[in-house]
Undergrad: 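Sharing a structure, written as structure tokens. Questions coming.
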2 protein chains.
Amino acid sequence: MKATETAVETIQREMTAFARRARASAGRLHPELSLVSYTLLGHLEEVDGCRATDLAAHYALDKSTVSRQVTALERAGLVVRRQDPEDHRVHVLGLTEAGRSILAQVTDRRRAAVLERLEDWAAEDLERFAGYLVRYNTLPSSEPEE
Amino acid sequence: MKATETAVETIQREMTAFARRARASAGRLHPELSLVSYTLLGHLEEVDGCRATDLAAHYALDKSTVSRQVTALERAGLVVRRQDPEDHRVHVLGLTEAGRSILAQVTDRRRAAVLERLEDWAAEDLERFAGYLVRYNTLPSSEPEE
DNA sequence: GGGTTCTGGTTGCATAGTACAACTTGAGGT
DNA sequence: ACCTCAAGTTGTACTATGCAACCAGAACCC
């Protein structure tokens, strides 16, 4: 097998293994915010508000799933849904102060945990690694919102 | 914020985004084998058989979860459970021929999908990326089975 | 204007994956 | 022999998820 194929296989296997562990660690690290919720909040902060459909597209989730997650987040007071005056069908989602604050806390805790595993990495490697991930996750054709 | 912190945050965010998409793509790519099942089969092939407990530790899953997954895989004829003659408590898991064959098929399909996204990457970048992932996922202290 | 079609979102339903706790069986030490 | 620990299984409950059906507003076309 070519080295490239091996690398590709390794990449997909390792990414998957990471994913499993991420779910587990989310439970330990921040039981108050599920991994999905955390992810959605993070995206909302990053893009400074968007529609439910955008979240669904970005994370390859069904719109019903997003709808329910958002409902839960709204009930918890972390997210607000405002009707778009332009188009009454869409709900523009945004973080509340509480949402922002919890997100910041959890992000800190997660960052500390990740940092712990990365502490002996050279800064150059870290940045290159981050760059690769971004590059990998950026879809060439679809997902114009990114 | 320091560049390192930004990189760390990016790494964890991108890894998580990847995880969501991986689940979704698994459904499209190989409906006959869930992402978990695929992952477990892959591990069994890689380490050439192991105990259920090892799988649980490796993927941070509860042993009950693994037990059920393995039961399903066994019923599907993809995995065999042999009692360890040394220790009658343990079941040594292994792939059947059918398991190996399905795994190969799915791996090919997944590799093709991943490759599609990586086609314009330089070989050097691919290998470095793979290396980073392995390095990241290798736990410093625990998980001696890796 | 009045229909058809499209889009954003919600809700009903079914299913998969998961954890936790209780239990069973076998090993190992004392 | 007894106590304790380890591997697995099973009961139970919950969460995330997708699909299908639906509703409401927008866009388009005659």
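Labels below follow one simple rule: chain letters A, B, ... track the order of the sequence lines, proteins then strands, and each chain is numbered from 1. We use all heavy atoms of the structure for the numbers below, so side chains are in, but hydrogens, waters and symmetry mates are not.
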Undergrad: For residues 102-122 of chain A, pull every pair meeting ring-ring contact (aromatic ring centres under 6.0 Å, His included), keeping only residues two or more places apart or in separate chains.
TA: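 Every ring-ring contact (aromatic ring centres under 6.0 Å, His included) pair that includes a residue of residues 102-122 of chain A, provided the two are not neighbours, is Trp121(A)-Phe129(A), Trp121(A)-Tyr132(B).
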
Undergrad: Which is the 5'-most and which the 3'-most nucleotide of DNA chain C that has an atom under 4.0 Å from a heavy atom of chain A?
TA: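 Span of nucleotides near chain A: dT7(C) to dT18(C).
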
Undergrad: Identify, residue by residue, the members of residues 22-37 of chain A with a heavy atom below 4.0 Å from DNA chain C, and return them in order of residue number, or none.
TA: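 Residues of residues 22-37 of chain A under 4.0 Å from DNA chain C: Arg23(A).
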
Undergrad: With sequence neighbours left out, write down each residue that passes ring pair (Phe, Tyr, Trp, His ring centres under 6.0 Å) with His30(A), or none if nothing qualifies.
TA: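 Scan of His30(A) (ring pair (Phe, Tyr, Trp, His ring centres under 6.0 Å), adjacent residues dropped) gives Tyr38(A).
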
Undergrad: With Arg20(B), which residues qualify under salt bridge (Lys or Arg N to Asp or Glu O under 4.0 Å), at least two apart?
TA: none

Undergrad: Do Ser64(A) and Ser67(A) pair up side chain to side chain, a donor and an acceptor below 3.5 Å, judged on atom types alone?
TA: no

Undergrad: I'd like to know if Leu95(B) and Val90(B) are part of one continuous hydrophobic network [Ile/Leu/Val/Met/Phe/Trp/Tyr, side-chain heavy atoms within less than 4.5 Å].
TA: no

Undergrad: Assign Arg68(A) to base, sugar-phosphate, or nothing according to its heavy-atom contacts below 4.0 angstrom with the strands shown.
TA: base

Undergrad: Report the residues that fulfil side chain to side chain donor-acceptor pair (under 3.5 Å) with Thr4(B), sequence neighbours left out, ordered by chain and then residue number.
TA: none

Undergrad: Walk along DNA chain D from 5' to 3' and tell me the first and last nucleotide with an atom closer than 4.0 Å to a non-hydrogen atom of chain B.
TA: dA6(D) to dT17(D)

Undergrad: Under 4.0 Å, heavy atom to any atom of DNA chain D: which of residues 86-95 of chain A qualify?
TA: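 Result for residues 86-95 of chain A: Glu86(A), Asp87(A), His88(A), Arg89(A), sorted by number.
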
Undergrad: Please determine whether a side-chain nitrogen of the Lys or Arg among Asp125(B) and Arg128(A) lies less than 4.0 Å from a carboxylate oxygen of the Asp or Glu.
TA: no

Undergrad: With sequence neighbours excluded, give me every salt bridge (charged side-chain N to carboxylate O under 4.0 Å, His left out) pair touching residues 23-40 of chain B.
TA: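 Pairs touching residues 23-40 of chain B that pass the test: Glu32(B)-Arg109(B).
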
Undergrad: Base, sugar-phosphate, or nothing for Thr53(B), non-hydrogen atoms under 4.0 angstrom?
TA: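 The answer is sugar-phosphate, as Thr53(B) gets under 4.0 Å only of primed atoms, P, OP1 or OP2.
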
Undergrad: Considering residues at least two apart in sequence or located in another chain, which fulfil the side chain to side chain donor-acceptor pair (under 3.5 Å) criterion with Glu127(A)?
TA: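 Side chain to side chain donor-acceptor pair (under 3.5 Å) check on Glu127(A) returns nothing, list empty.
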
Undergrad: Applying side chain to side chain donor-acceptor pair (under 3.5 Å), can you list everything that pairs with Arg89(A), at least two apart in sequence or on another chain?
TA: Asp87(A)

Undergrad: Kindly state each residue pair satisfying salt bridge (charged side-chain N to carboxylate O under 4.0 Å, His left out) with at least one member in residues 55-79 of chain B, sequence neighbours excluded.
TA: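 Sorted pair list: Glu74(B)-Arg81(B).
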
